[in-house]
Each structure stands twice: as structure tokens, then as C-alpha cells.
Amino acid sequence: SSIQTLLDSGTLQAGDVIVLEAGTWNESLALTSAHNGVHVIATGANLVGDITLDGADNVVLDALQVTGTLSADNTIDLTLRDVVVSGVTTLTGGSGVLLDGGVFGGVVVNGNVDGAEIRRATLQGATALTLGSATNLLVHDVMMTPTDLGIDVQSSWSGRIANNTINGGNTGINIDAAFTGTVEHNEIENATVGVAYNASATLSNNSIHSNTTGVTVSVFDESAAFGFVGESAPNTIANNQVGVALSNGRVIGQIITQNAVGIAGTGIAGHINIENANVIDGNVVGVDMNGIVQRNRFVENITGVLATD
């Protein structure tokens with residue numbers, strides 16, 4: 001008997017539990033509102049196929065391994081606990097979705113998902129986490145090991161991304177859309193670019209280190225540039241080849257230390273107020289850029305500012 005046959009038998013009620021035997025199940029599953037409240041426990045079971053949930057509320061999938069993809073459309077209070085999904089997991093609309101533990105081959109959040117939480121999980125794939133429109137999103141204590149992008153911010157969202165590790169890939173966090181909320185206390189490491197800052201964002205107390213370039217900044221407007229947005233503590237940008245690369249951008253209020261070059265490119269480094277100074281400390285070259293360098297604190301660089309005609 002298949003799992004889908006049991007789901008569609010009409011005998012299940014909210015709160016009923018299906019326990020799958022260990023082994024391989026070669027089928028795809030489709031859950032709708034007719035399956036509200038079903039709990040599937042699947043320690044040692046591998047489903048070779050895709051899972052779709054459309055309007056299926058209060059469903060729990062526990063310890064299921066999925067060789068395929070998972071999509072949840074307009075679901076409320078879906079819980080994926082210690083689930084392993086080899087392909088991409090897509091959340092569209094709905095609210096209260098929880099990904100608790102497990103391993104995912106990338107997660108996409110869009111369609112105005114509200115109140116989703118991702119915690120204690122490992123996100124892999126080309127892009128570990130794609131953020132379309134979402135509100136009150138919480139992502140914490142997650143390991144991301146992308147091959148291309150760690151977090152790709154494509155559309156406006158609100159929430160908090162905190163205490164995660166983003167390791168490797170071409171870009172750790174790609175910010176192409178403004179958001180309300182904070183990105184804080186994350187480790188962003190071993191990427192070609194740690195953070196691509198192309199839109200307004202509050203980044204606070206992140207450690208951006210061991211990348212080729214720590215942060216690229218293409219925003220010049222003071223209302224949106226790097227370090228100007230929200231109430232944020234300095235990020236520590238360390239041990240990169242280039243700490244901050246400006247492309248007609250601005251940067252204030254950062255700790256830029258132990259890089260080959262602290263700040264490079266074109267734009268403005270620093271602010272008219274010394275309390276918003278960048279601390280440029282212990283780099284081989286503190287600043288090598290075309291533009292304005294003002295009211296920064298230079299400490300123990302081999303060369304503080306490399307001036308050219």
C-alpha cells in the first residue's frame with residue numbers, strides 16, 4: 001500500500017500519526033486541506049519523489065528523508081522537523097512555517113510568507129536561502145554551505161537573520177532589495193565576496209572574514225549606504241584580501257582590520273562626525289581608493305592611506 005493511498009483513504013483525522021517503516025518509498029506525495037493535522041514520522045525512511053502541500057495546515061513531517069523537492073503553498077503552521085530534502089524547498093504564502101533542524105538543498109521563501117522560522121538546519125545547494133517577499137522571518141543558528149549564494153535577498157522582507165554561519169560560495173549575502181529588520185551576529189566566511197551591499201540594510205555585529213573581498217558597496221545615498229541604516233553596532237571585517245570595496249559607495253562605522261587592503265574603490269570612506277568613524281586597524285594598506293577619506297581612525301597599518309595623483 002502506498003502512503004498516498006493511506007492519506008486519501010478518508011480514515012485519517014487531525015492529530016493522527018503515520019509511522020513509516022525504514023526503507024525506500026518510491027512515490028510522490030500531495031497533501032491538501034483534506035490532510036490537515038496529519039503527523040508523519042519516518043525515521044530511516046527515504047521517499048524518492050516530490051512532496052507538495054497546498055493549503056494543508058498543521059501538518060508535521062518528522063525525520064523524513066526526501067530524494068526530491070518539497071513545496072508548500074499557503075500552508076499554516078507546517079512543521080518540518082529533522083527532515084532531509086535533497087532538492088529545493090519552496091515556501092509560498094501561508095504563515096507559521098517552521099523548519100527545525102534537518103538538511104535542505106536550498107530554501108526559497110516568497111509570496112508574502114509570514115512568520116516563518118528556520119533554525120538549527122543546514123542549507124546547501126547553489127543558493128542556500130532565497131528571500132522573496134516575506135514578513136517576520138526568523139533565521140537563526142543555521143549552517144549555510146552554498147556553491148554560489150548563501151542568502152540572496154531579491155525582494156523586500158522584514159525579520160531577523162542571526163547567529164548563522166555562511167561558509168563558501170561566490171557571495172555570502174547578496175542584498176539586492178531593501179529590508180526592515182536586522183542581519184546580526186553571523187559568521188560570513190570563505191566566499192569570493194562576503195556581502196554584496198546593493199540596497200539598504202541593517203547589518204550589525206557580523207564577522208565578515210577570510211573572503212577575497214569582505215564587503216562590496218554600491219550604495220551612495222546616506223539614507224541607505226553601508227553603516228548608515230538603523231541602529232547597528234560595527235561589523236568586524238577582517239582577514240580578507242580587500243576589506244571593503246566601494247563602487248561609488250559609502251561606508252561608516254565599521255571595524256576593518258588585518259586585511260591586505262582595508263578600503264578600496266571609489267566613493268567616500270568615513271563621515272563628517274568622528275563618532276561614526278571607521279576603525280581601520282592593522283591592515284597592510286589602510287585605504288587605497290579614489291574619493292574622499294574623512295574622519296576615520298587609523299591604527300597600526302603598514303601604510304595608512306596610499307595617495308596617488
Side-chain angles (χ1 to χ4, degrees), residues 3-4 7 27-36 38 40 42 46-140 142-159 161 164 166 169 171 173-177 179:
I3 305 168
Q4 189 68 53
L7 288 170
E27 60 176 299
S28 293
L29 300 181
L31 287 83
T32 67
S33 59
H35 308 108
N36 286 352
V38 169
V40 179
N46 177 24
L47 182 82
V48 180
D50 301 325
I51 297 179
T52 59
L53 300 101
D54 188 355
D57 299 338
N58 299 297
V59 171
V60 178
L61 302 181
D62 197 336
L64 179 63
Q65 181 172 330
V66 181
T67 304
T69 63
L70 188 150
S71 62
D73 295 342
N74 300 308
T75 64
I76 297 174
D77 294 336
L78 166 68
T79 298
L80 305 179
R81 182 179 298 115
D82 295 324
V83 169
V84 177
V85 182
S86 66
V88 174
T89 295
T90 303
L91 310 177
T92 305
S95 63
V97 176
L98 172 62
L99 277 60
D100 184 10
V103 181
F104 299 86
V107 174
V108 177
V109 180
N110 57 31
N112 294 312
V113 172
D114 182 59
E117 180 179 358
I118 304 172
R119 68 189 185 199
R120 300 188 309 106
T122 297
L123 307 186
Q124 302 172 337
T127 300
L129 177 60
T130 302
L131 296 182
S133 55
T135 55
N136 303 309
L137 175 68
L138 178 59
V139 180
H140 63 99
V142 169
M143 169 64 76
M144 304 184 199
T145 56
T147 58
D148 186 15
L149 304 176
I151 301 176
D152 187 17
V153 181
Q154 297 181 345
S155 185
S156 61
W157 66 279
S158 66
I161 296 176
N164 306 289
I166 305 170
T171 304
I173 303 179
N174 181 58
I175 304 171
D176 280 341
F179 59 83

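All figures in this text were calculated on a predicted structure; none of them were measured in a lab.
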Are the side chain of Glu27 and the backbone N or O of Ile3 linked by a donor-acceptor pair below 3.5 Å? yes
Report the residues that fulfil salt bridge (charged side-chain N to carboxylate O under 4.0 Å, His left out) with Asp62, sequence neighbours left out, ordered by chain and then residue number. Arg81
Residues Ser155 and Ser133: closest non-hydrogen pair is CB-N, 3.7 Å
What one should report as the nearest heavy-atom pair of Ala128 and Pro146 is N-CB, 4.1 Å
From Asn74 atom CG to Leu91 atom CG, the distance as rounded to the nearest 0.5 Å: 11.0 Å
Scan side-chain atoms only and decide if Thr92 and Asn110 contain a donor-acceptor pair under the 3.5 Å cut-off. yes
Apply salt bridge (charged side-chain N to carboxylate O under 4.0 Å, His left out) to Arg120 and list each qualifying residue two or more places apart in sequence or on a separate chain. Asp100
Looking at side-chain heavy atoms only, is the closest gap between Met144 and Val139 below 4.5 Å? yes
With rounding to the nearest 0.5 Å, note down the distance linking CG in Leu131 to CG in Leu129. 4.0 Å
Just wondering, do Leu64 and Leu47 contact through their side chains at under 4.5 Å, heavy atoms? yes
To the closest 0.5 Å, what do you measure between CG (Leu53) and CG (Leu29)? 8.5 Å
By side chain to side chain contact (heavy atoms under 4.5 Å, CB included) - contacts of Gln154 (at least two apart): Thr130, Asp152
Heavy-atom closest pair (Ser86 atom, Gly68 atom, distance to 0.1 Å) is OG-N, 3.0 Å
side-chain contact (heavy atoms from CB on, under 4.5 Å) with Leu61: of Asp82, Leu70, Thr79, only one passes, and it is Leu70
Return yes if some donor-acceptor pair links the side-chain N/O of Asp114 with the main-chain N/O of Ser95 below 3.5 Å, else return no. no
Okay, side chain of Thr32, backbone of Ala56: is any donor-acceptor separation there less than 3.5 Å? no
Return the CG to CG distance between Leu80 and Leu98, rounded to the nearest 0.5 Å. 8.0 Å
Looking at residues at least two apart in the chain, or sitting in another chain, which of them share a salt bridge (charged side-chain N to carboxylate O under 4.0 Å, His left out) with Asp77? none
Any luck finding a side-chain donor-acceptor pair between Asp50 and Ser28 under 3.5 Å? no
Side chain of Thr67, backbone of Val48: donor and acceptor closer than 3.5 Å? no
Shortest non-hydrogen separation from Ile175 to Ile173 and the atoms involved: CG1-CG2, 3.7 Å
Can you tell if the side chain of Val83 reaches within under 4.5 Å of the side chain of Thr89, non-hydrogen atoms only? no
State, yes or no, whether a side-chain contact exists between Ser158 and Asn136 at a heavy-atom distance under 4.5 Å. yes
Pairing residues for Ser33 by the side chain to side chain contact (heavy atoms under 4.5 Å, CB included) criterion, not counting sequence neighbours: Asn36
What distance separates Ile161 CD1 from Ile166 CD1, expressed to the nearest 0.5 Å? 7.5 Å
List in chain and number order the residues that pass side chain to side chain contact (heavy atoms under 4.5 Å, CB included) with Ala30, two or more places apart in sequence or in another chain; answer none if no residue qualifies. Gln4, Thr52
Exercise: identify the closest heavy-atom pair between Trp157 and Gly132: CB-O, 4.0 Å
Taking the side chain as every heavy atom from C-beta outward, state whether Val113 and Leu137 have any atom pair closer than 4.5 Å. no
Report yes or no: does Thr75 contribute a side-chain atom to a donor-acceptor pair with the main-chain N or O of Asp57 at less than 3.5 Å? no
